[in-house]
Structure formats: structure tokens, C-alpha cells
Protein chains: 2
Amino acid sequence: MAKIKRNKNGTRKDVIIAKAAKLFREKGFSATSMRDLAENVGVEAASLYNHISSKGEILQEICFRIANTFLSHIEQVDATDEPSISKVEMILRFHIRQMIENYEEVYVSDREWKHLTDPYLSNMQAQRRAYRQRFASIIQQGIERKEIKAIDAPTVVLIMLHAVSGIESWHRSKQKIPAEQLEENMVQILIEGLRNK
Amino acid sequence: MAKIKRNKNGTRKDVIIAKAAKLFREKGFSATSMRDLAENVGVEAASLYNHISSKGEILQEICFRIANTFLSHIEQVDATDEPSISKVEMILRFHIRQMIENYEEVYVSDREWKHLTDPYLSNMQAQRRAYRQRFASIIQQGIERKEIKAIDAPTVVLIMLHAVSGIESWHRSKQKIPAEQLEENMVQILIEGLRNK
DNA sequence: ATTTTTGTCTAACAGCTGTTAGCTTTATAG
DNA sequence: CTATAAAGCTAACAGCTGTTAGACAAAAAT
């Protein structure tokens with residue numbers, strides 16, 4: 001078979017990871033075999049190992065890449081001096097856009113991280129916990145400043161993060177409303193549900 | 001090994017399905033082997049086949065049982081003459097409670113139905129689509145009656161259904177707030193975000 | 001033009017997968 | 001107490017799993 005065609009500014013490893021993300025999303029990590037992946041890449045299974053060291057490494061790359069994206073974004077937002085409710089909105093909007101634009105990887109990172117193996121598994125669990133706590137404390141601050149309704153902050157986080165993952169259905173639906181409208185609708189419901197009137 | 005202990009009013013098959021639901025939730029359908037399941041049930045893998053006909057059948061039972069529960073509930077709610085926004089709230093509360101009380105099966109049904117095989121897969125897809133449409137049309141009615149904000153109804157459905165699945169995090173968290181409070185918090189945010197002021 | 005590096009291939013491995021056949025043990029019914 | 005039915009066991013199957021070794025080919029570097 002022919003060589004893996006790499007697109008400009010990207011390694012062959014990147015091509016493999018992108019195809020893997022698509023398959024992992026469609027069928028799940030465990031149900032995707034290296035031979036499945038190889039076929040999609042246009043190569044024999046053994047050839048993949050010139051670019052990656054194991055199936056698990058692919059999942060690690062996806063999960064940690066995404067985790068870093070979100071972690072560095074929340075730090076950036078938290079460093080501003082916007083009102084808390086605006087911070088929450090910024091974070092929510094970032095989640096929505098990432099889920100729209102970087103769908104496959106974000107989705108996989110969210111659903112399949114359980115299949116990581118230690119030490120990566122523990123590391124990822126810690127990162128996720130830290131992220132949620134950071135998010136919750138922004139909300140908590142908003143509550144104390146009376147910008148946000150007096151509601152259990154971790155519950156708010158849980159609703160926001162999971163609501164966003166519903167964008168998967170949007171991707172699969174035939175008649176998609178425009179992405180901007182989707183974003184505004186979600187913000188409308190979730191942020192208005194939060195605001196202290 | 002000893003026999004499968006069945007609890008009163010339940011068959012051995014029910015015991016197997018309950019254990020399977022727990023494992024499918026923890027590790028996913030594909031990553032759970034029949035030998036895993038057998039060990040958890042306290043029996044050899046081959047013995048399971050005296051009670052079930054295949055691994056897939058277990059998933060089918062879980063998924064269709066849950067789908068029927070929700071479908072018959074939405075029909076019951078829709079038959080009342082409550083205001084639309086109250087119908088939405090009733091449906092939301094039912095989802096929350098099911099997710100709290102019947103956690104394993106509801107969660108598995110929601111996350112693992114993709115691993116069903118045809119004709120069950122197509123059937124389940126159709127049922128899910130029908131449910132979402134039914135839910136959306138209740139919301140649409142609420143919009144027309146000015147009870148609910150003018151927002152894309154399918155987007156609302158998507159947010160509600162996915163937000164509820166966040167209750168998984170609640171189950172796994174150490175310091176759980178009481179179930180009733182969780183329910184009120186979720187309703188507070190989601191229904192108030194929806195209501196036309 | 002030749003060496004070196006990179007990438008792909010085939011063949012094979014050891015272990016796990018769901019499932020079946022056939023035999024034995026335990027519980028139920030007569 | 002005996003006959004029947006239900007539930008368990010061991011052993012085995014064919015196919016799939018992730019991964020490695022080693023040979024060959026193409027591309028890059030010298």
C-alpha cells in the first residue's frame with residue numbers, strides 16, 4: 001500500500017490521531033481495533049507502529065491535548081476582571097465552540113478517558129477534578145457577589161458541562177440550525193437560568 | 001461454584017442483567033467480557049448461557065426496558081391538561097429521578113445503545129428520535145402559548161437530556177448533596193432559564 | 001552514486017473474545 | 001424414593017486483539 005499522506009504542517013502521527021478520533025467517537029475506544037484504524041488510514045496495522053507506540057498512546061494524546069486546551073482557557077478567563085457571570089458565560093461559550101469546531105477530539109476526550117491506563121488515568125482524573133473545582137469556584141464567587149442565584153455551584157458545573165456534550169446530537173442531525181444560533185440558544189437558557197434577577 | 005442467588009421476585013436472569021449494567025457503566029459494553037461478568041456473578045462464563053442467549057441480548061434488555069419506561073411516561077404526561085411548561089418540568093423531574101434511582105441501567109442505556117446490532121439498533125434509533133420529537137413538540141407548544149421563551153425547541157431538548165446525564169458525576173462524588181436538593185437545583189436552573197418572563 | 005533513514009509490508013505471537021457441546025450436580029415434582 | 005428439569009462445570013472452537021520481528025522499498029542526506 002501507499003504511504004500515509006500527511007497534510008501540510010502535520011506529521012503522519014497527526015493523521016493517525018485524527019482518524020482515530022473519528023473512529024473512537026463513532027464506535028468507542030474499545031470497539032475500535034488497530035486494524036480498523038489502519039484500514040481507515042490506508043495502511044496495514046503493523047505500519048501504524050512506526051508513528052505511535054501503542055493504541056493507548058493515541059487516546060492519551062487526544063485526552064491530554066484537550067484537557068490542556070480547556071485548562072489554559074479557564075486560567076486565562078479567570079485572570080480577567082470581568083464579573084463572575086461573564087466569566088461563566090465565556091467559559092460556556094468556549095465549551096460550545098470547541099464542541100462545534102473540534103468535535104471529534106473533544107467528544108472522545110470526554111467520553112473515553114476512562115479507558116486510559118495508569119498513571120495517565122489518575123492524572124486525567126485529577127485534571128478533570130481540578131477543572132470542575134476551578135469552574136465551581138468562579139460560580140461560587142458570583143453567588144457571593146449576588147450576580148448568580150444561590151444554587152449549589154458543583155451542580156451548576158455538572159449541568160453546564162454535560163449540556164454542552166449534547167452538541168453531539170446537533171452534529172448528527174440532518175437539519176442543523178446555524179452554529180451561532182445554537183450557541184446563542186444554549187447561552188440564553190443556561191446563563192439566564194443562572195442570573196440573579 | 002455455587003448457584004446464582006436470586007433475590008425474591010426476580011429471576012437469575014435479572015441478577016445477571018443487574019450486574020451487567022453495573023459493569024457496562026463502569027467499563028463500557030465492549031470492554032466488559034463475559035468472563036468479567038461471570039466472575040462478578042459468581043459463576044463460570046459458560047453458565048451464563050443457561051439464562052441469556054448472548055451478550056447482545058443483555059444490552060437489548062437494558063436499553064429497551066429503559067426506553068419503554070420513558071416513552072410511556074411522556075405519553076402519560078402529555079395526556080394531562082397541564083400547562084406546557086409544567087409538562088416539561090414533569091418530564092425533567094422524571095429524568096432526574098430515574099437517573100438517581102435507576103442509575104446503572106439508565107446510564108448504560110444512554111451511553112451504550114450504539115453497540116446494539118440491527119435490527120435492534122435501528123429500532124432504538126427510531127425510538128430515541130421519536131422521544132426527542134415528542135418532547136420538542138411539547139416545548140414548541142409552550143412557546144406558541146407564550147409560556148416558554150422563543151428558543152429553538154430541539155436545542156432545549158438536547159440541553160435537558162444531556163444535563164441530566166451529568167448526575168453520573170453526582171453519584172461518583174464523595175460529598176453528595178441530598179437527592180431532593182439536586183433535583184430542585186437542576187429544575188431551578190433549567191426551568192427558570194426556559195420560562196418566559 | 002551511495003549510504004542512511006524512514007516507512008511499509010508479511011508473518012507470526014500469545015492472549016483474549018463470545019459461544020457451544022457434553023457431562024455432572026443440584027433442586028423440584030411425582 | 002425416583003424421575004425430570006434446571007443450573008452448573010470443564011474443555012474446546014474459531015476468530016479477533018494489540019504488538020513485534022525481520023525483510024524489502026522508497027526517500028533523503030551525504
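Proteins get letters first, then strands, A, B, ... in listed order; numbering begins at 1 in each.
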For atom [atom1] of [X] and atom [atom2] of [N], their distance in whole Å:
X	N	atom1	atom2	value
A/I16	C/dG7	CD1	C1'	11 Å
B/K13	D/dA7	NZ	P	12 Å
B/K55	C/dT20	NZ	P	15 Å
B/Y49	C/dC23	OH	P	21 Å
B/L37	C/dT19	CG	C1'	14 Å
B/E44	C/dG22	CD	P	20 Å
B/N50	C/dG22	CG	P	15 Å
A/M34	D/dG15	CE	P	23 Å

Original post:
Looking at C/dT19, D/dC9, D/dA7, which one has an atom nearest to any side-chain atom of B/R12?
Top reply: D/dA7

Subject >> Proximity to the side chain of B/S33 - top-ranked nucleotide from D/dA21, C/dG18, C/dT19 >> reply: C/dG18

**OP:** Take the angle between the ring planes of B/Y131 and B/F135 and call it parallel below 30°, perpendicular above 60°, tilted in between.
**Re:** perpendicular

**OP:** Could you label the plane-to-plane angle of the A/H171 and A/Y103 rings as parallel, tilted or perpendicular, counting under 30° as parallel and over 60° as perpendicular?
**Re:** parallel

Subject >> Contacts of type ring-ring contact (aromatic ring centres under 6.0 Å, His included), residue B/H51, not counting sequence neighbours >> reply: none

According to a strict under-4.0 Å criterion, is [X] in side-chain N/O contact with OP1 or OP2 of [N]?
X	N	result
A/H51	C/dT6	no
A/R35	D/dC16	no
B/S47	D/dA7	no

**OP:** Would you indicate what B/S30 reaches in the nucleic acid, counting non-hydrogen atoms under 4.0 angstrom: base, sugar-phosphate, or nothing?
**Re:** nothing

Original post:
For B/A45 and A/D36, take the nucleotide of DNA chain D holding the closest heavy atom to each; which residue's nucleotide lies nearer the 5' end?
Top reply: B/A45

Subject >> B/K55 NZ/CZ over B/F29 ring centroid, <6.0 Å and within 45° of normal >> reply: yes

Subject >> A/H95 ring center near A/F70 ring center (under 6.0 Å) >> reply: yes

